[in-house]
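One structure is given here, and the rest of the page talks about it.
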Amino acid sequence: MQNIRSIFLMLAGVTVFVALALFTFSVTLAVGGILTVLMVGRAMSLKMKPAPVRAKAQTQQREMRIWNDGRGTIIDL
């Protein structure tokens with residue numbers, strides 16, 4: 001009788017251990033899947049953003065003029 005009880009307790013312990021291991025594994029997979037989906041979504045949203053375009057007026061390049069009128073230096077860009 002003692003032998004059967006110890007076998008039953010051992011099987012119950014192994015069953016609890018396997019159940020907890022499977023639960024931990026499933027939670028790990030779920031969190032990993034959620035993080036993967038979030039990372040892919042963020043990467044795609046950043047990829048879809050339009051790149052900034054540098055706008056410059058199409059004028060002729062002229063030299064910068066600097067002179068002093070007696071009251072201060074004037075810089076004409």
Side-chain angles (χ1 to χ4, degrees):
M1 193 70 181
Q2 184 72 20
N3 219 5
I4 294 173
R5 187 179 304 154
S6 64
I7 289 174
F8 175 74
L9 285 175
M10 182 186 68
L11 287 176
V14 168
T15 304
V16 168
F17 178 76
V18 169
L20 288 175
L22 285 175
F23 176 73
T24 303
F25 182 69
S26 65
V27 168
T28 303
L29 280 180
V31 169
I34 290 169
L35 289 176
T36 301
V37 168
L38 289 175
M39 283 181 6
V40 168
R42 181 180 171 134
M44 292 192 61
S45 71
L46 289 177
K47 189 177 183 181
M48 286 188 227
K49 278 187 180 175
V53 177
R54 301 283 180 210
K56 281 191 170 181
Q58 296 292 336
T59 59
Q60 297 174 354
Q61 280 295 84
R62 60 181 188 173
E63 291 187 30
M64 180 170 48
R65 296 181 295 164
I66 303 173
W67 70 91
N68 191 344
D69 65 351
R71 292 179 293 180
T73 304
I74 298 173
I75 302 173
D76 184 16
L77 299 176

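Because only heavy atoms are used, hydrogens play no part in the values below, and waters and symmetry mates are left out as well, while side chains stay in. Fair warning: this is a prediction, and the values are worked out from it, not measured in the lab. Here, residue 1 is the first one in the sequence, and each next residue gets the next number.
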*Linking directly or through intermediates, with side-chain heavy atoms under 4.5 Å: list the remaining ILVMFWY members grouped with Leu35, chain and number order.*
Phe23, Val27, Val31
*Under the side chain to side chain contact (heavy atoms under 4.5 Å, CB included) test, which residues partner Met44, sequence neighbours left out?*
Val40, Met48
*Partner residues of Ile34 under the side chain to side chain contact (heavy atoms under 4.5 Å, CB included) criterion, sequence neighbours left out*: Leu38
*When rounded to the nearest 0.5 angstrom, what is the spacing between CG in Leu29 and OG1 in Thr36?*
10.0 Å
*Can you name the side chain to side chain contact (heavy atoms under 4.5 Å, CB included) partners of Thr73, sequence neighbours left out?*
Ile66, Asn68, Ile75
_My understanding is that a hydrophobic cluster links ILVMFWY residues whose side chain heavy atoms are under 4.5 Å apart, including indirect links. Using that, what else belongs to the cluster containing Leu9?_
none
_Connected via hydrophobic side-chain network under 4.5 Å: Leu22 and Val14_ = yes
*Give a yes or no on whether the backbone of Ser6 and the side-chain of Asn3 come within a donor-acceptor separation of less than 3.5 Å.*
no
*Partners meeting salt bridge (Lys or Arg N to Asp or Glu O under 4.0 Å) with Arg42 (sequence neighbours left out)*: none
